[in-house]
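For clarity, every value in this text was computed on a predicted model and none was experimentally measured. Values reported hereafter were calculated over all heavy atoms of this structure, with side chains retained and with hydrogens, waters and symmetry mates removed. Reminder, nothing fancy here: chain letters follow the sequence lines and each chain counts from 1.
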There are 2 protein chains.
Amino acid sequence: MTEHCSHSDHASCTLPSSEQVANFLDQAEVLCDRRNLRFTKLRKQVLALVCKAEQPVGAYHLLDELRESGRSAAPPTVYRALDFLLEQGLVHRLATNNTYLACAHPQHPHAAVFLVCSVCGHTQEVHTEGIIAELRRRAEQFDFAIKHASVELTGWCGRCRRSQ
Amino acid sequence: MTEHCSHSDHASCTLPSSEQVANFLDQAEVLCDRRNLRFTKLRKQVLALVCKAEQPVGAYHLLDELRESGRSAAPPTVYRALDFLLEQGLVHRLATNNTYLACAHPQHPHAAVFLVCSVCGHTQEVHTEGIIAELRRRAEQFDFAIKHASVELTGWCGRCRRSQ
DNA sequence: TTTTGTTATGTTATAATATAACGTTATTTT
DNA sequence: AAAATAACGTTATATTATAACATAACAAAA
């Protein structure tokens, strides 16, 4: 698992080129091995589907894809796999639209900020530790210890704004 | 509608004392009048229910309460009222747990940060314009214009932390 | 290397959350 | 008063997620 993001803009690293997907899956396998967890065929397949999607996907979309692949699958099939991947920090869940996307930086646990375009659906994971640290400080002032930060910013991406 | 919060800690102003609820409903009515919108009996009743709840409530809980009050109600009844109240900034929706709570400061549109205790459910609206402004700046760096910020911090409140 | 325990998955059913569609009532405007 | 608009009633259904229990796969111990 690489430690640093090679992108200049600090946006999502999980672009769906097949090479990147394959690399990401390999890294996920290493990560699970190190944690003595089973990166089963199902989990790998679900992660691959999430990973190669251009945009965050819904659970039932993944379910359809699993079925199309020939596998017998029901809702618990996909939710259980997603739960595992969420716990391991390999995917994120967007609460505002009930979708899942591959984590850009599974190597170290992190809270992330998501920019969700309400027009085209394009979603970008931005990792700004500064923001999260500031939120943590503010929460502490209220005697509150953050376990999970859901920061989802919905609006218009530049592309959609310019094309009206 | 008062312009400034009287609390020292900048937490939620909507505590469920009946006096405060009545005051809040009056303010909501004034706000709707000024906007030439109808603060109907249903909308008032739903806002009252949200407002007097000690914690954020689910839509179907509100539905039950409407029915208990003798009114004929179905899911659209409550969702339509909630949609209106959301649009007017009188209530917020928490995406992480599908609940609704009265807005602490409906007088001016604002994005808020929520501290949600995963143990006792206690939820606090914190209004830190600094955080939201900073998020907006960060988003701008990505050519992104925020329409809505969902910032929900889940964790342990001091009370639950101290009692383990 | 069977036995045993644990983890993961299959399967059916159902819970929980939310909206579509269309008819009726109430309110506002003309 | 008539027409237009907005709100609400009602039925049905879509969407998202979990409960519960059986079977299979894997790991650890004997």
Side-chain angles (χ1 to χ4, degrees), chain A residues 28-29 32-50 53 55-67 69-88 90-101 121 150 152, chain B residues 28-29 32-47 49-50 53 55-67 69-88 90-101 118 121 150 152:
Chain A
E29 184 150 25
C32 289
D33 281 353
R34 282 210 286 251
R35 294 175 185 172
N36 273 311
L37 299 170
R38 300 189 212 162
F39 193 56
T40 63
K41 202 167 175 181
L42 171 65
R43 289 164 178 176
K44 183 172 184 175
Q45 191 180 356
V46 170
L47 182 54
L49 290 171
V50 172
Q55 291 180 0
V57 286
Y60 279 73
H61 179 75
L62 294 170
L63 180 55
D64 289 343
E65 293 189 308
L66 282 179
R67 284 171 168 163
S69 81
R71 172 187 277 273
S72 157
T77 310
V78 64
Y79 280 106
R80 286 194 286 226
L82 285 172
D83 286 346
F84 173 85
L85 298 170
L86 285 166
E87 276 165 17
Q88 300 314 313
L90 292 163
V91 307
H92 292 289
R93 177 176 186 272
L94 295 182
T96 45
N97 60 7
N98 305 312
T99 57
Y100 302 83
L101 74 165
S150 166
E152 302 175 22
Chain B
E29 183 150 26
C32 289
D33 282 352
R34 281 211 287 252
R35 293 176 186 170
N36 274 311
L37 299 170
R38 300 187 212 164
F39 192 57
T40 63
K41 201 169 175 180
L42 172 65
R43 288 164 178 175
K44 184 172 183 174
Q45 190 179 357
V46 170
L47 182 55
L49 290 171
V50 172
Q55 290 181 1
V57 286
Y60 279 73
H61 179 74
L62 294 170
L63 180 55
D64 288 343
E65 292 190 308
L66 284 180
R67 284 171 168 164
S69 82
R71 171 187 276 277
S72 158
T77 311
V78 64
Y79 280 107
R80 286 193 286 227
L82 285 172
D83 286 347
F84 173 85
L85 298 170
L86 285 167
E87 276 165 16
Q88 300 313 314
L90 292 164
V91 308
H92 293 289
R93 176 178 187 272
L94 296 183
T96 44
N97 61 7
N98 306 311
T99 58
Y100 303 82
L101 74 166
S118 55
S150 166
E152 302 175 22

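Stacking between Tyr60(A) and dT16(D) is shown: the ring centroid lies under 5.5 Å from the centre of the six-membered base ring, and the planes differ by under 30°. dT18(D) has no base stacking with the ring of Tyr79(A) when judged by centroids under 5.5 angstrom apart and an interplanar angle below 30°.
Across the interface with DNA chain D, nearest-nucleotide mapping of Arg38(A) and Pro75(A) shows Pro75(A) to be the residue nearer the 5′ end. Annotation: of the two residues near DNA chain C, Gly58(B) and Phe84(A), the 5′-most nearest-nucleotide partner is Phe84(A).
Although no hydrogens or angles enter the test, the distance criterion places no donor-acceptor pair under 3.5 Å between the side chain of Glu29(A) and the main chain of Phe39(A). Distance alone, capped at 3.5 Å, is enough to place a donor-acceptor pair between the Arg67(B) side chain and the Ala73(B) backbone. Arg35(A) contributes a side-chain N or O that, together with a main-chain N or O of Gln88(A), makes up a donor-acceptor pair within less than 3.5 Å. No donor-acceptor distance shorter than 3.5 angstrom exists from the side chain of Glu152(B) to the backbone of Leu94(B), with no hydrogens or angles considered.
The nearest pair of heavy atoms linking Arg93(A) to Asn98(A) is NH2-OD1, 2.9 Å. Considering every non-hydrogen atom in both Gln45(A) and Ser69(A), the closest pair reads NE2-OG, 2.9 Å.
Look at CG on Leu63(B): it is 14 Å from P on dT11(D), rounded to the nearest Å. Between Leu42(A) atom CG and dC26(D) atom P the separation is 13 Å, expressed in whole Å. Rounded to an integer number of Å, the gap from Lys41(A) NZ to dA24(D) P is 17 Å. The distance between atom CG of Asp64(B) and atom C1' of dA15(C), rounded to the nearest whole Å, is 14 Å. When the P atom of dA17(D) is taken as reference, atom CG of Asn97(B) falls 13 Å away, rounded to whole Å. Atom CZ in Phe39(A) sits about 15 Å away from atom P in dC26(D), given to the nearest Å. In this entry the distance linking CG of Asp83(B) with P of dA6(D) reads 16 Å, nearest Å. Rounding to whole angstrom units, CG of residue Asn36(A) and P of dT7(C) are separated by 12 Å.
Screening Leu47(B), Leu101(B), Asp83(B) against Val91(B) for a side-chain contact (heavy atoms from CB on, under 4.5 Å) leaves a single residue, Leu47(B).
Of the candidate nucleotides dA20(C), dA18(C), dT11(C), dA20(C) has the atom lying nearest to any side-chain atom of Pro76(B). Residue Arg43(A) places its side chain closer to dT9(C) than to any other of dT11(D), dT9(C), dT12(C).
Two end axes, each from the C1' atoms of five base pairs, can be drawn for the helix from dT1(C)-dA30(D) to dT30(C)-dA1(D); they diverge by 30°, to 10 degrees.
Taking side-chain N and O atoms only, Asn98(B) has no distance below 4.0 Å to OP1 or OP2 of dA16(C). The side chain of Thr40(B) places an N or O atom within less than 4.0 Å of a non-bridging phosphate oxygen (OP1 or OP2) of dC8(D). At dT10(D), none of the side-chain N or O atoms of Arg80(B) fall inside 4.0 Å of OP1 or OP2 (strictly under the cut-off).
Judged by distance alone with a 3.5 Å cut-off, no donor-acceptor contact links the side chain of Arg71(A) to the base of dG10(C).
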